[in-house]
2 protein chains.
Amino acid sequence: MAPTPAPENSALYRELAMRLRHAISDGTYPPGSRLPSEHELAQSFGMARSTVRRALTILGEDGLIASHQGARRTVLAEPRLQSFGELRSFSRWARSIGEVPGGRVDLLERRGASAVQARELGLAPGDPLVYLVRVRMLTGVPVMIERTAYVERAGLRLSFIDLEHESISDRLEEHGIVFAHAEHTIDAVNASADDARLLEIEPGRAILRERRRATDPQGRPLEWSEDRYVGDGVAFTIRNSLAMSPLTRGRAVSTTGNPP
Amino acid sequence: MAPTPAPENSALYRELAMRLRHAISDGTYPPGSRLPSEHELAQSFGMARSTVRRALTILGEDGLIASHQGARRTVLAEPRLQSFGELRSFSRWARSIGEVPGGRVDLLERRGASAVQARELGLAPGDPLVYLVRVRMLTGVPVMIERTAYVERAGLRLSFIDLEHESISDRLEEHGIVFAHAEHTIDAVNASADDARLLEIEPGRAILRERRRATDPQGRPLEWSEDRYVGDGVAFTIRNSLAMSPLTRGRAVSTTGNPP
DNA sequence: AGCTGTAACTTGGTCCTACAAGTGATCACG
DNA sequence: CGTGATCACTTGTAGGACCAAGTTACAGCT
């Protein structure tokens, strides 16, 4: 058999993973049930067992199925719609849950990198970058303040974007700037007077703070952002397994200094 | 070549992944440098390319290396000591960062499941479970309140454990109760009067709340826990990539009701 | 010097085989 | 009727082959 040339960006194993995910969420394989054996899947989809295994590995990493030597795989949970894009982009996430994303630009300027920003973006202090502060809303209600420093390469493209309504991620990707890796640090702080004003809440309310550094496929930093979510508006969810755990608990570092 | 019989629980590819991880953290392959090619690694470790690839896949999922068709893999970051065990167990985590874990039991009793607990643990409301409230400390300083509901199977073992000093996870594993999957939901709330008293902070301070459901390898729920961390004491970190993203952002659900 | 085209190298994807190790159900036997 | 041994099935690990597609470096040409 000739190895299929892969029609689009879709590999066979990713295709199958997607199909199985759907099959789980549409009730073909409800939680608690067992999946067909690797052999059967290979047979019925016309691919090799190794390819099937690769697809199943993905579902396992997502925490959707459990597997043990000797026994058929068990469906654990229904998949949540989630993707890297939804996580990085507020707009995409908002649309995916049926809300209307909105934003108000509070500040957009070219400036020199602070010490923290320089360290996180791999620049020298004072190197030029683009700094953007936005209040993000879900269907009119403010839920998050976003303070992002973009490296120049990405940031200069921002001038051409309608920041109030368009998705920065979408636009940047069209210009060949792709976000591939991200590191998120999550903790809790009390709302400052400034936060309270922008989010229309009382000062002191609990804020879920996410600091994020995103890089391109080569690992070069693209953005460093501090997002502050209204405490009771948003939650983060992680699934992990013995085999794979991308989540770490750490002592909080006081990188509080995100400049005015 | 006969496939090596695997000396311990260690598979070849996991062995190699571990070695590479060490090689990265000890500076052999510093961030920014490129790894040897799959072929070279296979050669020098005497294994097949497919096995090497499997090891490299793991590092990629951990966000340690970036890889692109055609070019050698690039080292992105140093590995953080992290493991599923450290994430689930406060004791293990504390020891791993060089602190002395401590705890004070506030409450331990057998009781009937509340509606929320029943749903999360797959029980009927009123079914017996074991409920444990502890204040956890790092080197004497309280940093977290842990309110955990164990299914009976796991919970009944608790009576034999010295809850103030021993690690519950360690002990339960010795009894054949293994935690294999977990789902964590993280948001921020303000400290209640009760929280403030137990954690020795002022009421209203920002609290990082982690709700967690852990299951055994078969996917059967073992525990459902709500942990409240002092906001400026602890942070969670997640790495993710285009290829894999176990982290989801969701609207906060008001599962606030963890009983008195 | 600068550019271009090509060849060698490198990773991505698919398929195959073989064997080890654990599970589950059947079946024969006491 | 229970019980234990057996065996087919299933997943885990390892090795290997082949080609596609992207990157890099170098040689040679202008």
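By convention in this document, chain letters (A, B, ...) are assigned in the order of the sequence lines, proteins followed by strands, and residues within each chain are numbered from 1.
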inquiry  = Need one value for A/T51: base, sugar-phosphate or nothing, where a base atom within 4.0 Å counts as base even if backbone is also close, heavy atoms only.
reply    = sugar-phosphate

inquiry  = Rounding to an integer number of Å, can you tell me how far A/Q43 CD sits from D/dT10 C1'?
reply    = 15 Å

task = Just compare C/dC15, D/dT13, C/dT14 and give me whichever is closest to any side-chain atom of A/R54.
result = C/dT14

ask   = Which residues satisfy the side-chain hydrogen bond (donor to acceptor under 3.5 Å, both in side chains) test with B/T148, sequence neighbours excluded?
value = B/S225

ask   = Between atom CG in B/L56 and atom P in C/dT10, what is the gap in whole Å?
value = 14 Å

inquiry  = Please determine whether any donor N or O and acceptor N or O are separated by less than 3.5 Å between the side chain of A/R49 and the base of D/dG12.
reply    = yes

inquiry  = Measure CD/A/Q69 against P/D/dG12 and give the value in whole Å, please.
reply    = 7 Å

task = Could you tell me whether B/R73 contacts a base, only the sugar-phosphate backbone, or nothing, with contacts defined as non-hydrogen atoms closer than 4.0 Å?
result = sugar-phosphate

ask   = In terms of side-chain heavy atoms of B/S67, which of C/dG12, D/dG12, D/dT13 is nearest?
value = C/dG12

ask   = Side-chain contact, heavy-atom cut-off 4.5 Å: A/L64 with A/L20?
value = no

ask   = Can a side chain N or O of B/Y13 be found less than 4.0 Å away from OP1 or OP2 on D/dT13?
value = yes

Closest-nucleotide ordering on DNA chain D, the 5'-leading residue of B/G46 and B/A71 = B/G46

ask   = Do A/R54 and A/M47 have side-chain heavy atoms sitting under 4.5 Å apart?
value = no

